[in-house]
Protein chains: 2
Amino acid sequence: MGITIQEASRVSGLSTHTLRYYEQVGLIHEVGRDTGGRRSYTQPDLEWLDFLTKLRTTGMSIAEMCRYAELRRRGPATAAERRRMLEAHRERVLERIAQLGEDLAVIDYKIDLYHTMEKS
Amino acid sequence: MGITIQEASRVSGLSTHTLRYYEQVGLIHEVGRDTGGRRSYTQPDLEWLDFLTKLRTTGMSIAEMCRYAELRRRGPATAAERRRMLEAHRERVLERIAQLGEDLAVIDYKIDLYHTMEKS
DNA sequence: CTGCACCTTCGAGTGCACTTCAAGTCAAGC
DNA sequence: GCTTGACTTGAAGTGCACTCGAAGGTGCAG
């Protein structure tokens, strides 16, 4: 019914090692197994992995992602808390983007200095 | 003539441990010592630390910062190469910012979904 | 039915960027 | 002169997020 860990790895961009690790730490709960005991990833699993990856690349720690995953597992009653987590994270990402912009301006300035140096 | 490691720590925002570590790995060359062998940071040292911090917070690895520092130590002949390093880094930072923006849009979308859920 | 690739689990190992420790030195205040 | 506290060094330790290895199970091509 689902796809193998190999295919899930290709689709998600995460290594098979990482997929197993994410399951182990509780980021992705109870991936189904086929008759031979092999993992079988469903479409919802893949969508969840995709969202996890976005949280991850925006700098959320594995520990916090675990807390979010745990809330999600507990069902709709935790929706407000999950929303607050995402909102807090959103603020951190905005700050990070602003900081990167500032630092980039300094780097750009340095690059300009080098150009000026090379021309003279 | 210069300031103590404690003061340099306060000014730079780096811990005294990190300042010693940066010197050890060659990021900041030959910080002056006072009569008692204690580190004495000069204004140029602090400016360099400040720039290093910007490279660091924009995601440059210690190893690459070391290469940059080494080129800088070798003098003006390496200016073009340093400029190229900064230009390459600049591209990576721009990509990173773009990626963060994209991922943030998805997070915003999720937050909206939660708001909608809570209202209904 | 045998070889082979790929799967399983569990635990140990890796790389990065610090961070802490241990042992000793030094300067200032009492 | 002695204590106190900040400094010095080199080496070892930490936390995070993977990443790999060992030992064994499974399924399909030849």
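Each chain gets a letter, A, B and so on, in the order the sequences are listed, and its residues count up from 1. Atom set for the values below is all heavy atoms of this structure, side chains included, hydrogens, waters and symmetry mates excluded.
The nearest whole Å value for the distance from the CD1 atom in A/I62 to the C1' atom in D/dC18 is 8 Å. Atom C1' of nucleotide D/dG10 and atom CD of B/E23 are separated by 14 Å, given to the nearest angstrom. If you measure from atom CZ of A/R38 to atom C1' of D/dG24, you get 13 Å, rounded to the nearest angstrom. At whole-Å resolution of the value, CZ in B/R39 and P in D/dC7 are 10 Å apart. Distance, B/R10 CZ to D/dA6 P: 15 Å, rounded to whole Å. Atom pair A/L19:CG and D/dC20:P shows a separation of 14 Å (rounding to whole Å applied). If you take CG of A/L52 and P of D/dC18, they are 11 Å apart, rounded to a whole angstrom. If you measure from atom CG of B/L27 to atom P of C/dC16, you get 14 Å, rounded to the nearest angstrom.
No contact: A/Q24 has no heavy atom under 4.0 Å from any strand. At the heavy-atom level, A/R20 lies under 4.0 Å from base atoms of the strands shown. As judged by a 4.0 angstrom heavy-atom cut-off over every strand, A/T16 is placed among residues making no nucleic acid contact.
OP1 or OP2 of D/dC18 sits under 4.0 Å from a side-chain N or O of A/Y22. For the pair B/R33 and D/dC7, the criterion of a side-chain N or O lying under 4.0 Å from OP1 or OP2 is not met. Residue A/Q6 places at least one side-chain N or O under 4.0 Å from the OP1 or OP2 atom of C/dC7. Residue B/T18 places at least one side-chain N or O under 4.0 Å from the OP1 or OP2 atom of C/dT19.
Taking a cutoff of 4.0 Å between a charged side-chain nitrogen and a carboxylate oxygen, A/E70 and A/R73 qualify as a salt bridge. With respect to the salt-bridge test (charged N to carboxylate O, under 4.0 angstrom), the residues B/R39 and B/E23 qualify.
Minimum interatomic distance between A/A69 and A/G26 (heavy atoms only, all atoms of both residues): CB-O, 3.9 Å.
Between A/T35 and A/S15, the residue anchored nearer the 5' end of DNA chain D, judged by the nucleotide with its closest heavy atom, is A/S15. Between B/S61 and B/H17, the residue whose closest nucleotide on DNA chain C is further toward the 5' end is B/S61. Both A/R56 and B/S40 lie close to DNA chain D; mapped to their nearest nucleotides by heavy-atom distance, the more 5′-ward contact belongs to B/S40.
With A/T58 as the partner, the side-chain hydrogen bond (donor to acceptor under 3.5 Å, both in side chains) test is satisfied by one option alone out of A/R92, A/R96, A/H89: A/H89.
Every residue two or more places apart in sequence or in another chain that forms a side chain to side chain contact (heavy atoms under 4.5 Å, CB included) with A/E47 is listed here: A/Q43.
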